[in-house]
Amino acid sequence: MKIKALVAGNWKMNGLKASAKEVKALARLIAKSPKKARCDVLICPPATLVSTLKEAAKGSKIAIGGQDCHANASGAHTGDISAEMLKDAGATYVIVGHSERRADHGETSEMVNAKTQAVHRAGLIAIVCVGETEAQRDAGETLTVIREQLAGSLPKGITAKNTIVAYEPVWAIGTGRTPTADDVAKVHAAIRAVLKKRFKSEGEAMRLLYGGSVKASNAVELMGVPNVNGALVGGASLKAADFDGIIAAYR
Ligand code: 13P
């Protein structure tokens, strides 16, 4: 099955209005490349920049997304932002269940499940993150942890159009360390098997992203792994040239 890849940037808590110049620069790099990238491109900035970057990305293929949302559409939840609000600001995707939210905000898979449903309620695409910690990996629990997170975080009835799964080993995030291609292949094959069993043909067609220290120098190898349909990129998505170097894996 041919699945169109997605190269997604997660800016985390980085970026000011001036960062719109990176999006404009990326749009220029993509447009002037002699070979067309055979992938979709997404940037998920802090919520404060969604509408600014949407404007900066106008006329390009770059989509804009959120990094988290509340499970409700509106209400008395000071400081929170709903999927509907992100959509209103110009987002078409929302990342949910990132390990930094699971760790910093105590988000459980049950909460991630509710947020994923909220993303769908708003008509947006959810990027649901899963990944094991280093201790879990050392204890040989990687696949058990991933299967539990998938079972808990993914609501019933999801489709390949409205949901993407991102595998991000916690120990590989921001560390410069990555699993071997073989290790990524094993985990992604296990994720695919879970998705196929539960969601049938939708699970077969769903995009699976790898995230954790992806950069231009390892993108070709990591993106070439079976069942890897793109990347979720942190640090290397902040600068247009670095991010374009990863998109180049699909040229
Ligand atoms: P890095 O690419 O900086 O390792 O971050 C990965 C990540 O957490 C993307 O969501």
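Counting starts at 1 for both ligands and their atoms, following the listed order. Note that this is a predicted model, so its numbers are computed, not measured.
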key: G212: numbered ligand 1 atoms lying under 4.0 Å from its heavy atoms   =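 Those atoms are 4 (O), 6 (C).
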query = Which of the atoms of ligand 1 are close to E168, meaning less than 4.0 Å from one of its heavy atoms?
reply =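 Numbered from 1, ligand 1 contributes 6 (C), 7 (C), 8 (O), 9 (C), 10 (O).
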inquiry  = Tell me whether N10 contacts the main-chain N or O of G234 through its side chain, where contact means a donor paired with an acceptor under 3.5 Å.
reply    =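 Checked: no pair found.
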inquiry  = I'd like to know if the side chain of T163 pairs up with that of H120 as donor and acceptor (distance under 3.5 Å, no hydrogens or angles considered).
reply    =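 Note: T163 and H120 side chains meet the donor-acceptor criterion.
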ask   = Between H98 and E168, is any side-chain donor less than 3.5 angstrom from a side-chain acceptor?
value =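 The criterion, which ignores hydrogens and geometry beyond distance, is satisfied for E168 and H98.
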Side-chain donor-acceptor pairs of residues 19-28 under 3.5 Å, sequence neighbours excluded:
from, atom 1, to, atom 2, distance (Å)
S19, OG, L16, N, 2.9
S19, OG, L16, O, 2.8
E22, OE1, A240, N, 2.8

Contact check: [X] vs ligand 1, nitrogen or oxygen atoms, below 3.5 angstrom:
X: H98; answer: yes
X: G174; answer: yes
X: L232; answer: no

message = Out of G235, S237, A236, who is nearest to atom 3 (O) of ligand 1 when you count heavy atoms only?
response =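 The residue whose heavy atom sits nearest atom 3 (O) of ligand 1 is G235.
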query = Would you call K58 and E55 a salt bridge, taking side-chain N to carboxylate O under 4.0 Å as the test?
reply =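 The answer is yes: the pair qualifies as a salt bridge.
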Non-hydrogen atom of K12 closer than 4.0 Å to ligand 1 =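 Under 4.0 Å: yes for K12.
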request  = Could you find the nearest protein heavy atom to atom 2 (O) of ligand 1 and give me its residue, atom name and distance?
outcome  =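 So the nearest neighbour among protein heavy atoms is G234 N, 2.8 Å.
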ask   = Parallel, tilted or perpendicular for H188 and Y210, by the 30°/60° rule?
value =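 Plane angle between 30° and 60°, so tilted.
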ask   = Heavy atom under 4.0 Å from ligand 1: found in I173's side chain, backbone, both, or neither?
value =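 Near ligand 1, I173 shows its backbone as well as its side chain.
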task = List the atom of R207, the atom of K4, and the distance in Å for their closest heavy-atom pair.
result =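 So the minimum-distance heavy-atom pair works out to CD-O, 2.8 Å.
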